[in-house]
Novice: 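Take a look at this one; I'll ask things after.
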Amino acid sequence: MFSRSTVAALALLVAVPAQAETIRVGMSGGYFPFTFVKQDVLQGFEVDVARAVAEQTGDEVEFVTMSFSGLVGALETGRIDTIANQITITPEREAKFTFSQPYVYDGAQVIVKAGNEEISGVEDLKGKSVAVNLGSNFEELLRGLPFADEIDIRTYESNLAQDTALGRVDAFIHDRISAVQVIKETPLPLALAGAPFSEIRNAMPFRSDEDGKALAAKVDGALTELKTSGKLAEISQKWFGTDITKAN
């Protein structure tokens, strides 16, 4: 039998809710319409998803913005707890991190300057200069092509869309969803070249230590609830006019 004092202590523990954590979410703030800054306000699909996840788990969310190429290092060293910036699940990344379930299904897309008739798909990139974001999986996809040594692959973090529209490079690689939005929302003369050449699944990565795996499981549970309730689809409809959160 427990003493009265022990029973009282146990009752107090049950009555006190778990203390809210602060989930530090890293993102670039420069990947329209997923994460971008407008009138000094950080916004976008990823921002809304991260807030919805934190609301579901009862935690706080702190956004930490930095260059895309620095996000993985920040996660590895513990400066952030996860990344919400359309991080594609790859075998190399799965070997280092624990991922949530995918919450965006997309495809790698070639984008060119409008009117470019020399490039109609990924096969036409031979002999061409092609820009990709430094540290992104798109560089890996290009270098994995059987004719990769014939492509002038340029990796950096300036405005790939603008450089392509101005003719500084022949094309750039992006995900199809955001490419469509950039073409629709900006005055840049750009066009999609062919169909997506690789399916990609995007999710949130976490460190694979005990704390990271626990947080990944909690976020994964929240994503399941958001999918079931329709909230995730609602966020997607807000930003894209379609549901990008389900596999085709």
Side-chain angles (χ1 to χ4, degrees), residues 17-68 70-89 93 97-106 133 135-136 174-175 177-178 180-182 184-185 200-207 211-247:
Q19 185 175 0
E21 298 181 45
T22 297
I23 304 174
R24 297 166 299 168
V25 179
M27 55 179 57
S28 67
Y31 194 15
F32 177 86
F34 291 99
T35 162
F36 64 101
V37 177
K38 184 176 182 180
Q39 296 179 343
D40 297 326
V41 177
L42 182 66
Q43 53 191 294
F45 172 82
E46 292 280 20
V47 175
D48 286 355
V49 169
R51 285 176 175 153
V53 165
E55 184 177 349
Q56 187 70 41
T57 62
D59 296 315
E60 302 292 330
V61 61
E62 176 188 345
F63 295 109
V64 182
T65 58
M66 64 185 73
S67 65
F68 181 84
L71 289 170
V72 170
L75 178 59
E76 289 176 320
T77 57
R79 286 182 287 155
I80 55 178
D81 300 309
T82 189
I83 304 170
N85 206 107
Q86 291 304 281
I87 302 300
T88 299
I89 301 172
R93 289 171 177 169
F97 302 111
T98 296
F99 276 87
S100 71
Q101 62 184 283
Y103 58 94
V104 169
Y105 295 84
D106 201 352
N133 282 120
S136 71
H174 219 39
D175 69 89
I177 293 170
S178 60
V180 169
Q181 294 298 310
V182 167
K184 183 169 65 175
E185 301 290 340
I200 53 180
R201 298 173 301 132
N202 299 325
M204 294 183 192
F206 301 81
R207 288 182 298 280
D211 290 341
K213 289 181 178 179
L215 182 55
K218 181 163 64 169
V219 168
D220 202 60
L223 287 170
T224 296
E225 290 296 325
L226 292 171
K227 286 183 178 180
T228 301
S229 69
K231 179 64 176 179
L232 207 56
E234 178 185 320
I235 295 172
S236 178
Q237 288 287 346
K238 169 187 173 181
W239 289 103
F240 306 104
T242 188
D243 187 4
I244 67 172
T245 67
K246 295 180 181 178

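Being a predicted model, the structure only gives us computed values, none of them experimental. When a residue number appears, it is its place in the shown sequence, counting from 1.
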Novice: Between Arg93 (side chain) and Thr88 (backbone), is there a donor-acceptor pair under 3.5 Å?
Specialist: yes

Novice: Out of curiosity, Gln86 CD to Tyr103 OH, how far, rounded to the nearest 0.5 Å?
Specialist: 5.5 Å

Novice: Under 4.5 Å between any side-chain heavy atoms of Lys218 and Glu21, yes or no?
Specialist: yes

Novice: Pairing donors with acceptors under 3.5 angstrom, does anything connect the side chains of Asn85 and Thr35?
Specialist: no

Novice: Do other residues, nucleotides or ligands put more than 12 heavy atoms under 6.0 Å from the CD atom of Glu55?
Specialist: no

Novice: Could you tell me which non-hydrogen atom of Met66 sits nearest to which non-hydrogen atom of Val64, and how far apart they are?
Specialist: CE-CG1, 3.7 Å

Novice: State whether the number of non-hydrogen atoms from other residues, nucleotides or ligands found under 6.0 Å of Arg201 atom CZ is greater than 12.
Specialist: no

Novice: Heavy atoms only: give me the nearest Gly26-Leu71 pair and the separation to one decimal.
Specialist: C-CD2, 3.7 Å

Novice: Can you tell me how far CZ of Phe36 sits from OG of Ser178, rounded to the nearest 0.5 angstrom?
Specialist: 12.0 Å

Novice: Take Arg51 and Phe63 through the side chain to side chain contact (heavy atoms under 4.5 Å, CB included) test and state the conclusion after the steps.
Specialist: CA-CA 10 Å; Arg51 285 176 175 153; Phe63 295 109; 3.7 Å; yes

Novice: Between Arg79 and Arg24 (side chain of the first, backbone of the second, donor and acceptor by atom type, cut-off under 3.5 Å), is there such a pair?
Specialist: no

Novice: Picking from Asn202, Val180, Asp106, Ile244, what satisfies side-chain contact (heavy atoms from CB on, under 4.5 Å) with Asp175?
Specialist: Asp106

Novice: What's the separation between atom CG in Leu232 and atom CG in Asp48, rounded to the nearest 0.5 Å?
Specialist: 10.5 Å

Novice: Counting N and O atoms only, with roles assigned by atom type, does the side chain of Thr228 sit under 3.5 Å from a partner on the main chain of Thr224, one being a donor and the other an acceptor?
Specialist: yes

Novice: Out of Val25, Thr22, Ile80, which one pairs with Glu62 under the side-chain contact (heavy atoms from CB on, under 4.5 Å) rule?
Specialist: Thr22

Novice: Decide yes or no for His174 and Asn133: does some side-chain heavy atom of the first lie under 4.5 Å from some side-chain heavy atom of the second?
Specialist: yes

Novice: Do the side chain of Thr82 and the main chain of Pro205 share a donor and acceptor less than 3.5 angstrom apart?
Specialist: yes

Novice: In Å and rounded to the nearest 0.5 Å, what is the CD1 to CZ distance from Ile87 to Phe68?
Specialist: 4.0 Å

Novice: Taking all atoms of both residues into account, what is the closest heavy-atom pair of Pro102 and Ala203, and its distance?
Specialist: CA-CB, 3.9 Å

Novice: I'd like to know if the side chain of Arg207 and the backbone of Leu75 have a donor-acceptor N/O pair within less than 3.5 Å.
Specialist: yes

Novice: Between Ala50 and Val61, which heavy-atom pair has the shortest distance, and what is it?
Specialist: CB-CG2, 4.4 Å

Novice: What do you reckon, is CD of Glu60 surrounded by more than 12 foreign heavy atoms closer than 6.0 Å?
Specialist: no

Novice: Rounded to the nearest 0.5 Å, how far does OG1 of Thr245 lie from CD of Glu234?
Specialist: 11.5 Å

Novice: Taking ring pair (Phe, Tyr, Trp, His ring centres under 6.0 Å) as the definition, give me every residue that meets it alongside Phe240, ordered by chain and number, with sequence neighbours left out.
Specialist: Phe34, Phe45

Novice: Would you kindly say whether Lys231 and Gln56 are connected by a side-chain donor-acceptor distance under 3.5 Å?
Specialist: no

Novice: Roughly how far, to the nearest 0.5 Å, is CD of Gln237 from CG of Asp243?
Specialist: 6.5 Å

Novice: Looking only at atom types and distance, does a side-chain atom of Thr98 sit under 3.5 Å from a main-chain N or O of Lys213, one as donor and one as acceptor?
Specialist: no

